[in-house]
2 protein chains.
Amino acid sequence: MASDPKSARGGRARSRREPGISDVAAAAGVSVGTVSHVLNRPEVVALRTRERIERVMLELGFVPDLSARRLRLGMGRVIGVQVLDIANPFWGEVVRGVEESARAAGYVIMVFSSSESAEIEARNLDLLRLHRVDGLLIAPVATDERRLREIDARGTPVVLLDHRSERGRLPAVTVDDVLGGVMAAEYLRGRGHERIAFVTGPLDIAAYRDRRAGVRSVLRRRQRQCEEVVEVRVAGLNAREGAAAVQRLLSRDPRPTAVLCANDLLALGVLRGLTERGVRVPEDVSLIGYDDLDFSAMLSPALTTIRQHPFRIGQSAGELLIARLTDPDLSAPRQLLFEPELVVRASA
Amino acid sequence: MASDPKSARGGRARSRREPGISDVAAAAGVSVGTVSHVLNRPEVVALRTRERIERVMLELGFVPDLSARRLRLGMGRVIGVQVLDIANPFWGEVVRGVEESARAAGYVIMVFSSSESAEIEARNLDLLRLHRVDGLLIAPVATDERRLREIDARGTPVVLLDHRSERGRLPAVTVDDVLGGVMAAEYLRGRGHERIAFVTGPLDIAAYRDRRAGVRSVLRRRQRQCEEVVEVRVAGLNAREGAAAVQRLLSRDPRPTAVLCANDLLALGVLRGLTERGVRVPEDVSLIGYDDLDFSAMLSPALTTIRQHPFRIGQSAGELLIARLTDPDLSAPRQLLFEPELVVRASA
DNA sequence: CCCGAAAGTTGAAACGTCTCAATAGACTCT
DNA sequence: AGAGTCTATTGAGACGTTTCAACTTTCGGG
């Protein structure tokens with residue numbers, strides 16, 4: 001045990017361990033308590049000592065170890081984020097918004113993507129628990145939010161992302177998806193469409209369920225039997241699935257005159273599929289998406305869609321969560337509801 | 001100090017602290033050492049004891065605290081990731097790939113986006129250091145990689161993402177961007193274009209620099225003076241900046257006959273800008289992008305572009321990093337180079 | 001010159017885990 | 001029965017912080 005074998009292997013790499021608070025203390029001729037104070041309560045330590053210690057910190061390249069601090073304090077300035085699909089620009093913007101608000105408050109984010117799979121979500125939640133994140137921002141896949149409420153009650157504040165809470169029991173930042181669905185459907189109805197298809201993903205996800213509900217409510221308001229919503233369910237809300245759905249869409253008889261997609265990626269795929277089969281948009285079939293992603297205006301035809309503001313959603317959710325973290329006994333769970341906006345272009 | 005004021009406030013929330021290894025030990029009538037063993041070296045503990053302990057763990061809902069473990073072990077199964085722009089689907093896919101490989105190995109990712117800003121990057125690196133991540137996957141903004149090499153040498157393995165290392169001193173996963181530039185330029189030259197514009201972002205970023213180098217090498221190979229690369233620099237590689245660049249693009253005299261963009265988002269913006277001004281693509285100006293994002297095939301006109309495989313980049317980089325983490329004294333820094341692919345569509 | 005208060009500093013305990021040397025028990029062999 | 005081997009278990013110390021009560025020093029006032 002006299003000679004250390006580890007220092008021999010690997011040459012110079014991984015040589016000296018990072019300096020800790022006690023190395024600083026030693027070098028500055030002071031106790032660890034004092035060093036810790038200059039970190040956390042600088043005002044209690046004498047100016048001269050403080051300056052000396054700060055100088056030493058710089059020289060040694062000292063950086064405090066947050067995970068040691070977390071162990072002591074029970075908070076580590078990390079928030080977990082789970083989105084439905086990190087490769088979708090909508091969620092990318094949401095994450096960017098979260099990161100922004102997190103950075104502003106000195107927090108850091110741990111990111112997960114569930115790919116809309118409940119199993120992956122469950123595993124991710126386990127990981128989040130293992131790492132004891134301070135708070136959680138999540139676009140849930142699982143139908144019931146019991147587990148999330150449990151996590152919240154156990155001391156890890158949860159804020160729902162783009163998903164309203166059952167009876168508002170958890171704070172949430174949402175866009176009014178029912179209204180979005182209504183807007184799209186009313187627009188189509190106003191243009192005389194009576195047989196409308198709705199292409200969506202798993203209905204476990206509240207956002208898609210709400211959009212559908214909005215669409216249906218409009219069409220059901222009229223009594224006539226011929227107004228009907230044809231529903232096509234796909235596995236994931238991406239362009240590939242959209243293209244695959246076209247087959248099923250066209251085989252319906254009578255064929256829908258308009259297609260409403262639960263998001264723009266899906267609409268993109270549908271558009272590709274339709275075009276490949278020689279079906280013209282909007283002459284033969286009208287098409288409406290949801291999200292108004294960057295590219296949507298430049299498709300051919302330009303996509304009519306419902307605009308949201310994902311960056312703001314992420315940012316507000318982040319701020320809401322951080323507010324709860326900062327002041328644990330904050331009033332009632334807050335719900336933030338943004339309004340969607342119909343953007344009419346050429347496709348419908 | 002006899003009565004605890006904290007337990008009063010907030011009602012039931014945040015009540016009992018999470019059970020630790022010692023709670024399990026107490027409940028199972030065994031020492032903490034033994035409990036720790038069933039976690040890390042199950043084979044050394046007697047079957048009966050082990051089962052009993054496992055049962056207790058389940059009952060108590062015990063989950064080990066990884067950040068305490070990190071403190072002891074110096075490794076916490078967290079890897080940091082920094083991309084250039086999380087809202088760009090290219091990087092979204094990269095992150096998805098990283099997450100995939102991380103999950104497979106029981107790691108978790110901490111995500112940052114630099115927005116191509118060197119200051120943000122520097123701040124993010126500080127945060128990463130504070131949190132003592134085990135390894136780092138980064139698409140660097142800063143020109144020189146000294147700081148990264150330093151981090152690597154100090155014991156936090158670094159793998160470069162979509163960025164080749166100076167003289168191959170750091171492991172990297174890259175696509176051959178020079179080749180991509182060559183392919184695009186040769187294609188244009190083959191179609192008779194002689195005055196080509198290249199729209200790009202900050203040239204600190206190696207990928208863009210390489211793409212430009214490839215383009216230039218092709219055009220310079222011919223001696224004729226009239227072959228020239230017109231360069232337009234923008235602040236960020238997104239659609240908005242692309243649209244803004246069009247103004248400058250068209251004011252050049254003589255006007256370029258073809259425009260090459262450093263990525264598809266930029267091309268999207270350029271396309272929008274050109275269309276708005278009544279310039280037809282490809283009749284008046286040819287346009288080529290880079291990345292082949294999902295939507296690129298569906299633009300009007302469909303975008304000719306260079307295809308990459310971001311998911312694979314992310315995944316391979318993740319695997320490479322985790323291999324280094326698992327076996328610290330791994331041979332030489334490895335470079336992984338993917339080949340790009342020209343996808344010819346209508347825009348050029 | 002002594003007292004008390006104010007200002008600075010200290011040392012130890014605690015957070016939850018891992019590891020290692022030490023111990024205890026059971027079994028085998030002579 | 002004693003010595004020697006295994007197998008299971010234990011307890012203490014360490015990882016890098018924070019915090020708090022206790023201590024020392026300084027200083028003003030009586």
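Below, chain A is the first sequence line, B the second, and so on; all start at residue 1.
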*State, to the nearest 10°, the angle formed by the axis through the first five base pairs of the helix from dC1(C)-dG30(D) to dT30(C)-dA1(D) and the axis through its last five.*
60°
_Length of the NE2-P vector between H131(B) and dG16(D), whole Å_ = 17 Å
*Between T34(B) and dT10(D), is there a side-chain N or O to OP1/OP2 distance below 4.0 Å?*
yes
*What residues form a side chain to side chain donor-acceptor pair (under 3.5 Å) with S114(B), not counting sequence neighbours?*
none
*Could you state the CG-C1' distance from D65(B) to dC18(C), rounded to the nearest angstrom?*
13 Å
*To the nearest Å, give me how far apart CG (L66(B)) and C1' (dT17(C)) are.*
10 Å
_Contact list for DNA chain D against residues 53-64 of chain A - heavy-atom distance below 4.0 Å_ = F62(A), V63(A), P64(A)
_salt bridge (Lys or Arg N to Asp or Glu O under 4.0 Å) partners for E145(B), two or more places apart_ = R149(B)
_With a 4.0 Å cutoff (strictly under), does any side-chain N or O of T49(B) reach OP1 or OP2 of dT9(D)?_
yes
_Taking the side chain as everything from C-beta on, heavy atoms only, tell me whether D23(B) gets closer than 4.5 Å to R17(B)._
yes
*Looking at side-chain heavy atoms only, is the closest gap between L130(B) and R77(A) below 4.5 Å?*
no
_Could you tell me if the side chain of L84(B) sits less than 4.5 Å from the side chain of D162(B), heavy atoms only?_
no
*What nucleotide, of dT9(D), dG16(D), dT17(D), holds the atom closest to the side chain of A46(B)?*
dT9(D)
*Does the side chain of I109(A) reach to within under 4.5 Å of the side chain of L137(A), using non-hydrogen atoms?*
no
*Does some side-chain heavy atom of R129(B) sit less than 4.5 Å from a side-chain heavy atom of T156(B)?*
no
*Which residues satisfy the salt bridge (Lys or Arg N to Asp or Glu O under 4.0 Å) test with D85(A), sequence neighbours excluded?*
none
*Whole Å only: how far is the CG atom of L71(A) from the C1' atom of dA13(C)?*
13 Å
*Have a look at S67(A) and say if it touches a base, only the backbone sugar-phosphate, or nothing, with a 4.0 Å heavy-atom cut-off.*
nothing
*Return the value, rounded to whole Å, for the distance between atom CZ of R48(B) and atom C1' of dT9(D).*
15 Å
_Whole angstroms only, please: what is the CZ-P distance between R70(A) and dG16(D)?_
16 Å
_Once side chain to side chain donor-acceptor pair (under 3.5 Å) is applied, what residue pairs with a partner in residues 313-323 of chain B remain, sequence neighbours excluded?_
none
_Pairs touching residues 96-110 of chain B that satisfy salt bridge (Lys or Arg N to Asp or Glu O under 4.0 Å), sequence neighbours left out_ = E93(B)-R96(B), E99(B)-R103(B), E100(B)-R103(B)
*For DNA chain C, which residues in residues 23-30 of chain B have a heavy atom at a distance below 4.0 Å?*
none
*Got I151(B) and L128(B) here, is their nearest side-chain heavy-atom distance under 4.5 Å?*
no
*Not counting sequence neighbours, list each pair that qualifies as a side chain to side chain donor-acceptor pair (under 3.5 Å) and has a residue in residues 56-75 of chain B.*
D65(A)-R70(B), S67(A)-R70(B), R70(A)-D65(B), R70(A)-S67(B), D65(B)-S67(B)
_Residue whose closest nucleotide on DNA chain D lies nearer the 5' end, A68(B) versus V45(B)_ = V45(B)
*Identify, with sequence neighbours excluded, every residue that meets salt bridge (Lys or Arg N to Asp or Glu O under 4.0 Å) alongside D144(A).*
R146(A)
All N/O pairs under 3.5 Å across the protein-nucleotides 12-14 of chain D interface:
{"unit_1": "dG13(D)", "atom_1": "N2", "unit_2": "R72(B)", "atom_2": "NH1", "d": "3.1"}

*For D126(B), what residues pass the salt bridge (Lys or Arg N to Asp or Glu O under 4.0 Å) criterion, not counting sequence neighbours?*
R147(B)
*How long is the line joining CD1 of I21(B) and P of dT19(C), in whole Å?*
11 Å
*asked:* From CZ of R41(A) over to C1' of dG8(C), roughly how many Å is that when rounded to an integer?
replied: 13 Å
